[in-house]
Amino acid sequence: MVHVRYPFIAQLKTFDMLATSTFIDDTRIESYKEEYVRTNCIFLPGFLPQAALNFLLKKLGNIRFQTKFEMDDHSKFGKLLLVPQNDPLLTIFQLLINNTGLFSIVEEITGCEPIGNFMGRIHRSEEGEQHGIEWHGDNSDNRLLAMTLGLGTRDYTGGKLQIRETGSDQIIREFGQLNAGDAIIFKIAPALQHRLTVLETGQRTVGVGWFRSKPDLATFAAAHLKPY
Ligand SMILES: O=C(O)CCC(=O)C(=O)O
Ligand SMILES: [Fe+2]
């Protein structure tokens, strides 16, 4: 018998989280559907259960973030601090969201094609650093929907996630201060763009990622959710 080691998983299992919890209140599906049709996004306050949230917040306290520039061909369109790609915390975050029950509910609310996997990262914006991301679409890599999950305990100003129709001046929806555990799920399509405005005061920390049509979960897990 082969023993694999997921150092944090034993703790997570005690929360009875993995593969059992869907995080979305299914009595509210109809109102989420209506919100999504109207605004191309849904706001999910208290999406992440407290135990999982406390666990992620505690681990985040020990992480050394690294500066990352968002690049489009050779031009920069954003600057942020990122949890290093090989950090086990990213595996935990992705394990929580790669949940087929959650995928089904998200498919039902948004009418998107079947979700194969969720690929995510964790980033932070800090005051005085011009941290933010200009208008962009994230239209690549089989992305269907994006998610932003609040993972910070500090207040902030600026750092707004804004959504618009491509090329338009009108903001369809914007989200300022996010509380830890709150999530936003929004549509990725050529007709839509979003941006993260520059952080003015305080600090903003979020998990972000994309629900993607391909590859399927088994293929994704074998490549990205490996034991370490
Ligand atoms: O921080 C956010 O809410 C969204 C960030 C974003 O658009 C991205 O990472 O592509
Ligand atoms: Fe984005």
Side-chain angles (χ1 to χ4, degrees), residues 6 8-37 39-57 59-60 83 88-123 138 141-151 161 163 173 175 178-189 194 205-226:
Y6 282 95
F8 301 154
I9 300 294
Q11 292 171 59
L12 274 176
K13 276 198 173 147
T14 64
F15 303 147
D16 200 17
M17 298 283 311
L18 294 173
T20 58
S21 174
T22 60
F23 310 152
I24 295 182
D25 176 359
D26 50 16
T27 64
R28 296 213 46 208
I29 287 189
E30 290 309 315
S31 79
Y32 287 134
K33 277 187 187 170
E34 183 275 325
E35 181 181 356
Y36 186 78
V37 166
T39 68
N40 295 293
C41 50
I42 54 172
F43 178 56
L44 300 156
F47 172 80
L48 203 63
Q50 199 63 44
L53 181 61
N54 291 346
F55 178 86
L56 292 177
L57 292 179
K59 297 287 176 201
L60 265 172
V83 171
L89 187 59
L90 291 182
T91 311
I92 301 297
F93 170 50
Q94 293 182 111
L95 276 167
L96 281 169
I97 309 300
N98 274 286
N99 170 327
T100 52
L102 174 63
F103 290 176
S104 303
I105 292 194
V106 171
E107 286 160 13
E108 187 181 348
I109 291 171
T110 65
C112 72
E113 59 181 280
I115 296 169
N117 68 85
F118 175 87
M119 181 177 233
R121 62 186 202 176
I122 296 176
H123 68 221
D138 286 332
D141 296 336
N142 309 305
R143 292 166 180 169
L144 303 170
L145 297 157
M147 185 178 76
T148 294
L149 170 66
L151 288 178
L161 174 66
I163 296 163
R173 205 152 168 201
F175 299 89
L178 272 183
N179 292 320
D182 293 351
I184 302 155
I185 293 178
F186 58 99
K187 187 175 186 174
I188 295 296
H194 58 279
T205 306
V206 292
V208 301
W210 300 272
F211 294 97
R212 309 187 306 171
S213 56
K214 286 186 263 198
D216 63 50
L217 188 49
T219 308
F220 177 75
H224 295 281
L225 304 177
K226 284 190 198 145

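Because only heavy atoms are used, hydrogens play no part in the values below, and waters and symmetry mates are left out as well, while side chains stay in.
- Leu151 contributes atom CG, which lies 8.0 Å from atom CG of Leu89 (distance to the nearest 0.5 angstrom).
- Between the side chains of Asp138 and Trp210, at least one donor N or O lies within less than 3.5 Å of an accepting N or O.
- Contact check for Val106 versus Phe23: no side-chain heavy atoms found under the 4.5 Å cut-off.
- With sequence neighbours excluded, the residues forming a ring-ring contact (aromatic ring centres under 6.0 Å, His included) with Phe220 are His224, listed by chain and number.
- For the atom pair OH (Tyr32) and CD1 (Ile29), the distance works out to 9.5 Å, reported to the nearest 0.5 Å.
- Pairs passing the salt bridge (Lys or Arg N to Asp or Glu O under 4.0 Å) check and including a residue from residues 103-112, sequence neighbours excluded, read Lys33-Glu108.
- You'll find the side chain of Leu161 stays beyond 4.5 Å of the side chain of Leu178, heavy atoms only.
- The line from CD1 of Ile115 to CG of Asn98 is 10.0 Å long, rounded to the nearest 0.5 Å.
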Inset, instruction - List the steps, then state whether side chain to side chain contact (heavy atoms under 4.5 Å, CB included) holds for Met147 with Leu145. - result: CA-CA 7 Å; Met147 185 178 76; Leu145 297 157; over 6 Å; no
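- Ile42 contributes atom CD1, which lies 9.5 Å from atom CZ of Arg28 (distance to the nearest 0.5 angstrom).
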Inset, instruction - Tell me, with the steps shown, if Ile185 and Phe211 meet side chain to side chain contact (heavy atoms under 4.5 Å, CB included). - result: CA-CA 9 Å; Ile185 293 178; Phe211 294 97; 4.1 Å; yes
Legend entry - side chain to side chain contact (heavy atoms under 4.5 Å, CB included) assessment of Arg173 paired with Phe43: CA-CA 10 Å; Arg173 205 152 168 201; Phe43 178 56; 3.8 Å; yes
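- Shortest non-hydrogen contact noted between Asn99 and Leu96 is CB-O, 3.7 Å.
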Inset, instruction - Using the side chain to side chain contact (heavy atoms under 4.5 Å, CB included) rule, take Ile24 and Ile109 through it: C-alpha gap first, then chi angles, then the decisive distance, then the call. - result: CA-CA 10 Å; Ile24 295 182; Ile109 291 171; 4.1 Å; yes
